[in-house]
Amino acid sequence: MQGKKPTLLKGTRDFAAPQVFRRNYIFDTIRHIYQKYGFLPLETPVLEHLTTLTGKYGEEGDQLLFKILNSGDFLEGVDSHTKDYKTLLPQIAAKGLRYDLTVPLMRYVAMNKDKLIFPFRRYQIQPVWRADRPQKGRYREFYQCDIDMVGASSLLCEAEILVMIHEVLLQLGIKDFTIHMNHRDVLKSLATLGGATNQEGALCVTLDKLDKVGKDKVLEELKGKGFSPAALERLLFIFDLPATQVDRWPILTKQLGLTQKGMQDMQKILDYVHALGLEEPSITLDPTLARGLSYYTGTIFEVKMKHTNWGSLGGGGRYDGLTDIFGLTGVSGVGFSFGLDRLYSVLEALDLFPSSMGSTTQVLLANLDPASEKWTLKALTTLRTNDIRAEIYPAVVKLKKQLQYAHKRQIPFVAIIGEEEHAAGVITLKDMRTRTQQQYSLEQMLQELS
RNA sequence: GUGAUUGUAGCUCAGUUGGUUAGAGCGCUGGUUUGUGGUACCAGAGGUCGCGGGUUCGAGUCCCGUCUAUCACCCCA
């Protein structure tokens, strides 16, 4: 035994069969519903030009990008006196792993604007990578299930996505969720109220922690950031909003003004949601929600489980001008993304996975001796031709071992075709669960197994 | 990137105030004679005590560093 023990790269995981089956169950559910809403799949490369990726996620996002070292002698032509990594980086790395699926989509849309049919509806289920420090429910490699409508500014897009989120979650058996909704305009108004028009980011990031750290800490933090007592006074109403969105509405419209664009937009969206047949949507207006500030320009939403501190199940919003940087202007879009791993955790914690999942072998053919192997192989082929999942034990070992193997693999049937059986023209079929066995003809066995 | 905790057989862990050949349970392999699995019994394999330094006559046990995992912050799915 030589060599070091292999380990997994930080933040990555292997998925064994049971997990793969469960993950596929989620993928299939989402894919089916996405398609039902008229969205078509898109897949893009894992690697993109670093220039495509950088600058889209803010300073922090750039740091979380995995960069790929240039091939060959990557030091060739590099100024050896360069010590600043920001100037060195582009010289030694020109490629990177995608950080999300939205930016690759924008790149794709800009590149194919003449071929695409707008409004462009696409979904994309692929892994993304972030050099984040792993934590509970956070990995460096994880799957996003994106859905986007590009080239349509109607608020109907938002509404459709919200309804679809409901359908996916309910289909998976998740009931106790809330979609938090906010609007970039509301955040702006709050910043103005707080006398921090040019400090919107700082205000939002702090407000967003409300449900996590509580009112007092948020106020304290805002004080620390230089917000005046008078300004904070004007923002106090946010902290004592009623729980239901119906009750929140009048308070928010009063404080922010009826003509506030964000409020009007959200009202329209909710009207559409009702028109789409969702009587009691699990949607809450949450003026403290602040996500994706680096590119969302309109609505913002996020799905969370009620009464838990689990991370969000997904998030999205409207973005204007994301394609600008790729040379395509005036395009608005709305997108949303489910985090596969988050959904997985919830389904697991709530025991919502269907009990029977995956497919194990139905019948194991025992391998008794070289002579019997021949006719056993014949039976094996017949079984497979009849679409029965079958395998032969690939070595002549004691029957006891073969039965143990079947037991461990949870294979329900073991077929034994030894000399006795061959001479009598039968097959002994053992039912591992009842521990009984019976002799059948090949035909009868096929019936028994199908 | 910041802070905290952690690391002993495949897994879950013991391991006394630093002292001889590091243990248990589960699992694993083989056996309890001929073609029969969940139990029982018997036997066996498997550890450079994360890695690297240091203190000491002597370190799994103390100190420093490093890596890993976990948790929180930042940010986010």
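Labels below follow one simple rule: chain letters A, B, ... track the order of the sequence lines, proteins then strands, and each chain is numbered from 1.
Between A:Tyr295 and A:Tyr57, the two ring planes are perpendicular [angle over 60°; tilted spans 30° to 60°].
The partner of B:U66, taking Watson-Crick or G-U wobble pairs whose two distances both stay under 3.5 Å, is B:G50. B:G18 makes up no base pair with any nucleotide shown, lacking Watson-Crick or G-U wobble contacts both under 3.5 Å. Nucleotide B:C74 has no partner under the Watson-Crick or G-U criteria, as no pair reaches both atom distances under 3.5 Å. Nucleotide B:A43 forms a Watson-Crick or G-U wobble pair with B:U29, both donor-acceptor distances falling under 3.5 Å.
As rounded to whole Å, 13 Å separates atom P of B:C74 from atom CG of A:Leu207. As rounded to whole Å, 15 Å separates atom P of B:U36 from atom CD of A:Glu419. Going from atom CG of A:Asp208 over to atom P of B:C76 covers 8 Å, rounded to whole Å. Following rounding to the nearest Å, A:Gln439 (CD) and B:U36 (C1') show an atom-to-atom distance of 13 Å.
The side chain of A:Gln135 approaches B:A72 more closely than any other nucleotide in the set B:C75, B:G38, B:A72. Here the nucleotide nearest the side chain of A:Arg133, chosen from B:C75, B:U2, B:U36, is B:U2. Here the nucleotide nearest the side chain of A:Gln404, chosen from B:U29, B:U68, B:G37, is B:G37. Each of B:G37, B:A77, B:G35 was ranked by its minimum atom distance to the side chain of A:Glu420; first place goes to B:G35. Picking from B:G37, B:A77, B:C73 the nucleotide with the shortest atom distance to the side chain of A:Arg342 gives B:A77. Distances were taken from every side-chain heavy atom of A:Lys401 (C-beta onward) to each of B:G35, B:A77, B:G30; the shortest belongs to B:G30.
One finds no side-chain N or O of A:Lys398 lying less than 4.0 angstrom from the OP1 or OP2 phosphate oxygen of B:G35. Regarding contacts with the backbone of B:C74, a side-chain N or O of A:Lys209 is found under 4.0 angstrom from either OP1 or OP2.
Here A:Phe338 does not pack flat against the base of B:A77, since the 5.5 angstrom centre distance and 30 degree tilt limits are not both met.
Residue order along RNA chain B, read from the 5' end via each residue's closest nucleotide, puts A:Thr436 first among A:Thr436 and A:Leu340. Nearest-nucleotide positions on RNA chain B for A:Tyr296 and A:Thr12 put A:Thr12 closer to the 5' end.
When each of A:Tyr344, A:Phe338, A:Phe27 is checked for a ring-ring contact (aromatic ring centres under 6.0 Å, His included) with A:Tyr143, only A:Phe27 meets the rule.
No side-chain donor-acceptor contact under 3.5 Å links A:Thr12 and A:Glu141.
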